[in-house]
Enquirer: 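Attaching a single structure in structure tokens format; questions to follow.
Keep in mind the model is a prediction, meaning the values are calculated, not measured.
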Amino acid sequence: MPTRRIFFSQISLDARIGILEHELRATQPLHIDAEFDVHVNQQVHDQNIQTVLDYRLLRHAIVDECTQAHVNLLETLSERVVERIFKEFREVQFVKIRISKPLAFSDCAAVGIELQRSR
């Protein structure tokens, strides 16, 4: 079956994440890159959004999952995002997500976790 890849590059949001004292007290910025391989089961009709997976819904699920509660570990957050995507979007067959903390260290641009899963 043919697939189409939807991707996001550097979604920026503030999240409550981490185990350090200062991370428990305040939000911190996260950057999220994500790719989704989606089964294509019908032709695209330019006037009908229902013929494609609306990437606004994917973005909403990512942002909501990352901002709804404090999470201690990036690994946990990554797993939760992927689980939610697979639960809510049956047409998604593959997910690659990278969640990074751009302010974690002063000597690098970011540190983070990349996770890949397929059905």
Side-chain angles (χ1 to χ4, degrees):
M1 182 172 281
T3 60
R4 181 176 296 119
R5 180 162 290 169
I6 298 171
F7 69 91
F8 295 95
S9 180
Q10 284 203 351
I11 297 172
S12 296
L13 54 86
D14 290 323
R16 294 170 295 169
I17 187 160
I19 60 170
L20 302 176
E21 187 62 36
H22 70 277
E23 294 175 319
L24 296 171
R25 289 192 311 262
T27 62
Q28 64 180 299
L30 292 182
H31 290 166
I32 302 167
D33 299 308
E35 297 179 11
F36 307 93
D37 287 353
V38 178
H39 273 172
V40 176
N41 52 19
Q42 61 182 317
Q43 277 194 318
V44 174
H45 296 288
D46 193 50
Q47 302 299 317
N48 184 356
I49 190 78
Q50 301 299 324
T51 62
V52 297
L53 177 53
D54 186 342
Y55 51 75
R56 294 173 299 180
L57 301 175
L58 284 170
R59 184 190 166 281
H60 173 77
I62 293 167
V63 171
D64 184 59
E65 197 62 39
C66 290
T67 58
Q68 68 181 347
H70 182 92
V71 177
N72 289 331
L73 302 173
L74 284 174
E75 292 85 349
T76 303
L77 184 58
S78 300
E79 293 283 352
R80 288 181 182 177
V81 171
V82 170
E83 288 171 11
R84 180 166 176 175
I85 295 299
F86 280 153
K87 181 180 176 185
E88 292 183 13
F89 302 94
R90 289 281 174 218
E91 57 269 69
V92 173
Q93 299 303 306
F94 170 83
V95 175
K96 181 166 113 176
I97 189 162
R98 176 182 292 206
I99 303 178
S100 59
K101 294 179 174 183
L103 300 180
F105 300 110
S106 62
D107 62 350
C108 64
V111 64
I113 297 297
E114 182 175 281
L115 177 65
Q116 295 182 52
R117 294 280 187 272
S118 45
R119 288 191 199 267

Enquirer: Supply the atom-to-atom distance Q116 CD to S78 OG, rounded to the nearest 0.5 angstrom.
Expert: 12.0 Å
Enquirer: I need the minimum non-hydrogen distance between P29 and P102, along with the two atoms involved.
Expert: O-CD, 3.2 Å
Enquirer: Measuring from atom CZ of F36 to atom CZ of R4, what distance do you get when rounded to the nearest 0.5 angstrom?
Expert: 15.0 Å
Enquirer: In terms of hydrophobic clustering (I, L, V, M, F, W, Y; side-chain heavy atoms under 4.5 Å; direct or indirect links), are F86 and L57 co-clustered?
Expert: yes
Enquirer: How long is the gap from CG on L77 to CD on E79, to the nearest 0.5 Å?
Expert: 10.0 Å
Enquirer: How close do R80 and V71 get, heavy atom to heavy atom, and via which atoms?
Expert: NH1-CG2, 3.3 Å
Enquirer: Answer yes if L115 and V111 sit in the same cluster of Ile, Leu, Val, Met, Phe, Trp and Tyr residues linked by side chain heavy atoms under 4.5 Å apart, and no otherwise.
Expert: no
Enquirer: Do V38 and V40 share a hydrophobic cluster (ILVMFWY, side-chain heavy atoms under 4.5 Å, transitive)?
Expert: no
Enquirer: Following the transitive rule for hydrophobic clusters with a side-chain heavy-atom cut-off under 4.5 Å over Ile, Leu, Val, Met, Phe, Trp and Tyr, establish whether F8 and V82 coincide in one cluster.
Expert: yes
Enquirer: Looking at I6, T3, L53, D37, which hits side-chain contact (heavy atoms from CB on, under 4.5 Å) with V92?
Expert: L53
Enquirer: Donor-acceptor pair, distance only, cut-off 3.5 Å: does the side chain of E114 make one with the backbone of K96?
Expert: no
Enquirer: Under 3.5 Å, side chain of E65 to main-chain N/O of A61, donor-acceptor pair present?
Expert: no
Enquirer: More than 12 foreign heavy atoms under 6.0 Å from CD1 of I19: is that the case here?
Expert: no
Enquirer: Near R56 CZ, under 6.0 Å, is it more than 12 heavy atoms from other residues, nucleotides or ligands?
Expert: no
Enquirer: Provide the closest heavy-atom pair for R84 versus D64 in the form atom of the first, atom of the second, distance.
Expert: NH1-OD2, 2.5 Å
Enquirer: Can you tell me how far apart CG (L13) and CZ (R59) are? Round to the nearest 0.5 Å.
Expert: 8.5 Å
Enquirer: Just verifying a value: how many Å separate N41 CG and T51 OG1, rounded to the nearest 0.5 Å?
Expert: 10.0 Å
Enquirer: Take L30 and L74 through the side-chain contact (heavy atoms from CB on, under 4.5 Å) test and state the conclusion after the steps.
Expert: CA-CA 10 Å; L30 292 182; L74 284 174; 4.2 Å; yes
Enquirer: Going hydrophobic residue to hydrophobic residue with side-chain gaps under 4.5 angstrom, can you get from V52 over to F94?
Expert: no
Enquirer: Verify side-chain contact (heavy atoms from CB on, under 4.5 Å) between H60 and E88, making sure each step is shown before the conclusion.
Expert: CA-CA 12 Å; H60 173 77; E88 292 183 13; over 6 Å; no
Enquirer: Determine, for R5 against E35, whether the closest basic-nitrogen to carboxylate-oxygen distance falls under 4.0 angstrom.
Expert: yes
Enquirer: Could you tell me whether Q43 atom CD has more than 12 heavy atoms of other residues or ligands within 6.0 Å of it?
Expert: no
Enquirer: Among T67, T27, N72, which one satisfies side-chain contact (heavy atoms from CB on, under 4.5 Å) with R16?
Expert: T27
Enquirer: How many angstroms lie between atom CD1 of I32 and atom CD1 of I97, to the nearest 0.5 angstrom?
Expert: 5.5 Å
Enquirer: Looking at every non-hydrogen atom in both residues, tell me the closest pair between G18 and H70 and how far apart they are.
Expert: O-NE2, 2.9 Å
Enquirer: Below 4.0 angstrom, N of the basic side chain to O of the carboxylate: do E83 and R117 qualify?
Expert: no
